[in-house]
Amino acid sequence: ERRHMPVTRIEDNQVFEPGVVKIAVNNVEHNGRVAFHSHSFWEFVYVDSGFAIHTCAGETSMLTGGDLFVIAPGETHAYTRACNTVLYNCLFRASELGEEERSIFSLPGFSELRMRAEGGDGVISRAKPECIRLNFTERHEIMTIIEKMKWEKLNHPSGWQQMMKSLLIQLLVFYSRLDVYARRAERRSDSYLGHTYKVLKYLEENYDKNISARELSEATGLSSDYISKQFKRELSMTPTEYLRRYRIAKSMEMLRTTDMPIADIARSVGIDELSVFSRLFKQFAGESPSNYRKLN
């Protein structure tokens with residue numbers, strides 16, 4: 001019988017102050033592993049810097065600075081590997097939106113979130129968790145909202161609870177617009193952000209192959225120098241480094257969900273030599289592939 005990692009249930013009284021608005025904003029730095037956990041409230045997470053391998057609703061992904069993603073109520077998630085990951089999260093009960101709840105969750109970008117929330121505790125909905133990668137202007141805008149929320153929560157000026165609700169609505173509307181812009185940028189191959197999406201999409205769809213800088217350039221229609229510059233600027237890493245981390249993230253998913261031999265998993269993610277795979281895996285996950293499988 002396969003062993004499963006325990007899931008910690010986070011209750012409202014652990015994050016919200018009693019008798020006041022159920023909206024909280026925190027910033028933390030993660031290193032190493034953050035255990036699987038779930039909660040009955042919404043969590044919006046903005047990654048400011050660092051990188052992490054994140055698992056949510058059975059999907060494993062790479063997170064880097066500038067990523068924004070959402071955890072729906074009841075979803076189980078964990079940071080399988082975090083390295084100097086500085087993130088901000090906004091936790092809230094949807095009921096705090098009052099009469100605006102229905103109109104807010106009818107905005108573009110929220111249909112997928114509703115599908116995930118309707119999955120309920122222990123039920124995986126058909127909608128998959130996705131993250132939005134913010135550009136520099138968007139990162140500044142979201143940090144402005146977050147810092148205002150932190151200040152209101154800390155200082156409790158007159159009307160601070162009403163202001164927290166107002167700022168939460170701003171954050172959710174901003175998320176909806178980001179979702180629309182991100183989808184437009186992904187469709188537009190000539191856009192600044194569209195170039196980044198194009199490279200990421202190619203890497204993530206072909207991670208099981210040997211990809212040279214020349215092949216990546218030919219496949220995306222972008223020069224190798226431009227790709228490298230964009231990646232350094234947006235993700236603070238090279239395409240090769242991103243591909244290596246993405247491969248480890250996918251191998252973690254296979255180790256948890258299949259009985260494939262480790263050597264076959266290594267080959268399936270594009271790493272032919274088992275010794276190389278084991279070394280890279282331990283470097284990112286902090287333990288050997290066999291021990292990771294045993295624990296998970």
Side-chain angles (χ1 to χ4, degrees), residues 29-31 45-54 59-69 79-87 130-143 178 181-253 266-273 275-285:
E29 178 174 344
H30 290 316
N31 281 286
V45 183
Y46 167 66
V47 183
D48 187 56
S49 60
F51 76 89
I53 296 175
H54 181 249
E59 294 287 322
T60 302
S61 60
M62 267 286 301
L63 298 175
T64 58
D67 282 349
L68 174 67
F69 64 98
Y79 297 94
T80 316
R81 176 75 171 97
C83 183
N84 300 322
T85 309
V86 178
L87 57 84
E130 295 181 357
C131 73
I132 299 174
R133 179 156 290 116
L134 281 60
N135 62 33
F136 288 103
T137 301
E138 294 163 345
R139 293 177 70 166
H140 174 73
E141 290 183 24
I142 198 167
M143 281 303 301
L178 286 172
Y181 296 155
R183 295 180 192 280
R184 287 177 181 172
E186 191 171 2
R187 290 194 296 267
R188 288 184 55 202
S189 59
D190 61 335
S191 72
Y192 172 79
L193 190 57
H195 289 164
T196 303
Y197 275 116
K198 184 188 291 186
V199 176
L200 286 171
K201 184 176 181 181
Y202 185 82
L203 290 175
E204 293 177 0
E205 289 180 350
N206 297 275
Y207 68 89
D208 57 337
K209 303 178 179 66
N210 291 322
I211 305 174
S212 67
R214 179 179 178 180
E215 289 170 336
L216 183 59
S217 177
E218 291 176 351
T220 58
L222 306 169
S223 71
S224 297
D225 288 343
Y226 179 81
I227 292 173
S228 180
K229 183 178 179 180
Q230 286 288 87
F231 256 68
K232 278 289 187 182
R233 181 174 180 177
E234 293 286 340
L235 307 180
S236 300
M237 67 180 77
T238 65
T240 300
E241 191 173 4
Y242 180 86
L243 178 61
R244 187 181 300 126
R245 293 174 180 175
Y246 189 81
R247 283 170 168 167
I248 298 302
K250 299 308 290 184
S251 71
M252 286 179 169
E253 191 173 297
R267 285 190 290 270
S268 70
V269 298
I271 304 175
D272 294 330
E273 295 185 27
S275 60
V276 174
F277 172 74
S278 297
R279 175 172 54 81
L280 290 174
F281 191 96
K282 189 169 185 179
Q283 177 183 343
F284 289 113

A.B. asks: May I ask you to test the Leu216-Leu203 pair for a side-chain heavy-atom distance under 4.5 Å?
C.D. replies: yes

A.B. asks: List for me each residue that meets side chain to side chain contact (heavy atoms under 4.5 Å, CB included) alongside Asp208, sequence neighbours excluded, and say none if there are none.
C.D. replies: none

A.B. asks: With sequence neighbours left out, write down each residue that passes side chain to side chain contact (heavy atoms under 4.5 Å, CB included) with Glu273, or none if nothing qualifies.
C.D. replies: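 By the side chain to side chain contact (heavy atoms under 4.5 Å, CB included) rule, Glu273 matches Ser275, Val276.
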
A.B. asks: Can you confirm whether Asp48 sits close enough to Arg139 that some side-chain heavy atom of one is under 4.5 Å from a side-chain heavy atom of the other?
C.D. replies: yes

A.B. asks: Side chain to side chain contact (heavy atoms under 4.5 Å, CB included) with Ser228: which residues, sequence neighbours excluded?
C.D. replies: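 For Ser228 there are no side chain to side chain contact (heavy atoms under 4.5 Å, CB included) partners, ignoring immediate neighbours.
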
A.B. asks: Could you tell me which residues satisfy side chain to side chain contact (heavy atoms under 4.5 Å, CB included) with Ser224, sequence neighbours excluded, listed by chain and number?
C.D. replies: Ala213, Ser217

A.B. asks: Is the closest side-chain heavy-atom distance between Tyr242 and Val199 below 4.5 Å?
C.D. replies: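 Answer no - side chains too far apart.
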
A.B. asks: For the residue pair Thr220 and Ile227, establish whether any side-chain heavy-atom pair is separated by less than 4.5 Å.
C.D. replies: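 Side chain of Thr220 against side chain of Ile227, heavy atoms only: contact under 4.5 Å found.
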
A.B. asks: Could you note down all residue pairs passing salt bridge (charged side-chain N to carboxylate O under 4.0 Å, His left out) where residues 215-225 supplies at least one of them, sequence neighbours left out?
C.D. replies: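 Every salt bridge (charged side-chain N to carboxylate O under 4.0 Å, His left out) pair that includes a residue of residues 215-225, provided the two are not neighbours, is Arg214-Glu218.
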
A.B. asks: Residues two or more places apart in sequence or in another chain: which of them pass ring-ring contact (aromatic ring centres under 6.0 Å, His included) with Phe281?
C.D. replies: Phe277, Tyr292

A.B. asks: Is there side-chain contact between Phe69 and Leu63, with heavy atoms separated by less than 4.5 Å?
C.D. replies: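 With C-beta onward as the side chain, the pair touches.
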
A.B. asks: With a 4.5 Å cut-off on side-chain heavy atoms, are Arg133 and Leu200 touching?
C.D. replies: yes

A.B. asks: Identify whether the distance between the nearest side-chain nitrogen and carboxylate oxygen of Glu253 and Lys250 falls below 4.0 Å.
C.D. replies: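 Yes, charged N to carboxylate O under 4.0 Å.
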
